[in-house]
Amino acid sequence: NGGSCAVETAAQFPIRLVESGPCGGALAAAHCGKLTGREKILAFDMGGTTAKAVMSDNGDFPITTESEVARVYRFKRGSGLPLLVPVLDMIEIGAGGGSVAHLNELNLPVVGPESAGSEPGPACYDRGGQNPTVTDADLLLGYLNPDYFLGGKMLLNLNLAEKAVTGLSGKMGMDRVQAALGIHNLVNENMANAARVHAAERGLDLEGYALVATGGAGPVHACGVAKRLRLKTVIVPPIAGVGSAFGLMLAPIAFDFARSLPTGLDGLDVDRLNGLFEEMEQDGHVVVTKAGVKKRELTVTRTADMRYAGQGHEIRVPVPNGILTAESRRVLQAAFDAEYQRLYGRICPGVAVQAIHWRVTVSGPRPENLKASASMRHNREAKKGTRPVVFDNEMGFVEVPVYDRYAIAEKFSAHGPVVIEEAESTTLVPPGWTVVADGLGHLILTHGGANG
């Protein structure tokens, strides 16, 4: 849910840890947005198996209680086990560095959801994998440095990547470079389309959002996804490849409580509701203070799941703190109207409103003054050289400058195409994009020369 808890609490409620890794990446992205002065962030985290995306406004995230695990059809909603625990409302996309490219039953190219995983991994890992993956395609296109994967601790085998992609390209009747570029572009389109649908289902407009890329593969694919979403700004924070780990350090101690009390607002029993809130808040004080938070530092947030009578779904509505009175019915009605109007652009005057669930989040303060940083070495040459890279079939391979992220200084700027390497990831700056390094080590990429 974007919070952390004590080990004892986690052992008592292990289900609350579901999706904690991707949530860490989202927290890191929101923190990056705050540091760079951006209120609207599309957190994009792409690792070895999947990619996740979630939208944040002013550092806040939408929460859902409709997540699933153990899906029979991996990314098909409704095919898994529903979990009624609060998690960040993320979209999961079947695309990661290990996602396998193949032809489906209709003889059409698809990527994923099958993944080579870490064992045996992509073919280029030289650990027995033979299927072409996204990582193999990116290596073949020149986006990755075979001698600098994991900062040079792991060497990638270009010949095995070529062999794996050639096996697919032969079935498709094209050369392996075309096939590799097709894999890369197809993955980007799949991720952009999923994010587009996710936003539309929630009544959100992506215009004006900045994409923050984390995960080992995120910065490689970020511009391709952003361009398809018509986003003009991409931000790659320091140590983006381990963004989830850094994000977990940003999570405040927090715990959620919920009680079901279905009732119409007209017949709301405020005395009973006050009792429910008092019970949940007392339980929250115990859990959070046991984790080391001082009582004076606690924050209590109340919400309710509300809907029009007869609807099959609810929306999350803020509830004021303190003792509720008969006047609170009017306040809740106004809060519901405002949130419903924001989500759907209209309200239904005269239709009765129901509240189904009542929720409390008790949390401690957010960690302050945490900044991701890498070991910068400005005393050496930032440019490492050039290497051939492919961005489209017509241009073919072009020599592209390669930079060492640890050596570039503040206000460094360059026009794409550019490749910027670091131990945990690689940032790809395609033609038409500009990259600038700010004073905190963020790479700000803009499309069409626009200011970030």
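Numbers here are sequence positions counted from 1.
Ion pairing between Arg196 and Asp205 fails under the 4.0 Å rule for side-chain N and carboxylate O. Arg316 and Asp305 are joined by a salt bridge, as a carboxylate oxygen and a charged side-chain nitrogen come within less than 4.0 angstrom of each other. Salt bridge Arg127/Glu119: present, at least one basic N to carboxylate O contact under 4.0 Å. Salt bridge annotation for Glu189-Arg228: present, with a cationic side-chain nitrogen under 4.0 angstrom from a carboxylate oxygen. For the pair Lys294 and Glu297, the salt-bridge criterion is not met [side-chain N within less than 4.0 Å of a carboxylate O].
Between Phe412 and Tyr403, the ring planes are perpendicular. Angles over 60° get that label, and only those under 30° would be called parallel. Aromatic ring orientation, Tyr344 versus His313: perpendicular (interplanar angle above 60°, classes split at 30° and 60°).
When side chains are defined from C-beta on, Phe44 does not count as touching Val234, because their heavy atoms never get closer than 4.5 Å. Looking at Thr36 and Ile444, their side chains come closer than 4.5 Å, going by heavy atoms from C-beta outward. Here the side chains of Arg38 and Ile235 are in contact, with some heavy-atom distance below 4.5 Å. Looking only at side-chain heavy atoms (C-beta outward), Val429 and Val419 stay at 4.5 Å or farther from each other. Contact of the Phe257 side chain with the Arg359 side chain is not registered, since no non-hydrogen atoms from C-beta on lie closer than 4.5 Å.
The cationic atom of Arg302 (NZ for Lys, CZ for Arg) lies less than 6.0 Å from the six-membered ring centre of Phe277 and within 45° of the ring axis.
For Arg259, the CZ atom counts as densely surrounded, since its 6.0 Å shell holds more than 12 non-hydrogen atoms of other residues, nucleotides or ligands.
Taking the six-membered ring where the residue is Trp, the centroids of Tyr143 and His184 are separated by under 6.0 Å.
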